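Since this is a predicted model, take the numbers as computed values, not measurements.
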Amino acid sequence: MVSRENSVLAVAFALCLAAFLLGAALGLEGPIYAFVVVIAIPIVGPQLYLAATGDEAVPAPTRIRTALLLGGGLCLLFGTAGTDAERRLFWGIGTGFLLTALVYEVRTGYLREIASR
């Protein structure tokens, strides 16, 4: 039997492939299109979907951390290509993802500390 996580990842892969083929047919190219096809659809989307809908195998906080850290790191890597505006956009998105991960960790630690008192 196919697990729910594998089904979600298979759908994300199919959407990624469809976006890639549609982009090739329409002549789409550039870093922003690559961000959507390489980061948003196959990595961030499934992790946040599984975190929001609940999954027994992996806790939601782990999925959120994974999406934020991988998305942020890859955005910073994508920030080395494109025009100045595209680079600033990627650095901004990547920095935003990583700062959000930091705030999420601080909040989680604070709530854990409060609960233990």
Examine Leu48 and Val36 and state if one hydrophobic cluster contains both, with Ile, Leu, Val, Met, Phe, Trp and Tyr joined whenever side-chain heavy atoms are less than 4.5 Å apart.
yes

Would you compute the distance between atom CG of Leu69 and atom CD1 of Ile64 and round it to the nearest 0.5 angstrom?
11.5 Å

Any side-chain heavy atom of Leu50 sitting closer than 4.5 Å to one from Val58?
no

Write down the atom of Phe78, the atom of Ala34, and the distance for their closest heavy-atom approach.
CE2-CB, 3.5 Å

Taking the side chain as C-beta and beyond, is there a heavy-atom pair between Leu76 and Phe90 under 4.5 Å?
no

For the atom pair OG1 (Thr53) and CZ (Arg63), what is the distance rounded to the nearest 0.5 Å?
8.5 Å

If you group Ile, Leu, Val, Met, Phe, Trp and Tyr by side-chain heavy-atom gaps below 4.5 Å, do Val8 and Ile41 land in one group?
no

So if you build clusters from Ile, Leu, Val, Met, Phe, Trp, Tyr with side-chain heavy-atom gaps below 4.5 Å, do Leu9 and Val11 land together?
no

Under a 4.5 Å side-chain heavy-atom rule over Ile, Leu, Val, Met, Phe, Trp and Tyr, are Leu74 and Leu15 clustered together?
yes

Atom of Glu86, atom of Pro31 and distance for their closest heavy-atom approach:
OE1-CG, 3.4 Å

In one Ile/Leu/Val/Met/Phe/Trp/Tyr side-chain cluster, 4.5 Å: Phe35, Leu28:
no

So, do Ile43 and Val38 sit near enough that their side-chain heavy atoms are less than 4.5 Å apart?
no

Is Leu70 close to Gln47 at the side-chain level, that is, under 4.5 Å between some pair of heavy atoms?
no

Candidate pair Leu98 and Leu68, rule side chain to side chain contact (heavy atoms under 4.5 Å, CB included), full reasoning
CA-CA 6 Å; Leu98 295 177; Leu68 289 173; over 6 Å; no

When every non-hydrogen atom of Val37 is compared with those of Cys16, the smallest separation belongs to O-SG, 3.0 Å

Around atom OH of Tyr104, are there more than 12 heavy atoms from other residues, nucleotides or ligands closer than 6.0 Å?
yes

Could you pull out the closest heavy-atom pair between Cys75 and Gly94, with the gap in Å?
CB-CA, 3.5 Å

Which heavy atom of Gly71 sits nearest a heavy atom of Val44, and at what distance?
CA-CG2, 4.1 Å

For Leu77, does its backbone N or O pair with a side-chain atom of Thr80 as donor and acceptor, under 3.5 Å?
yes

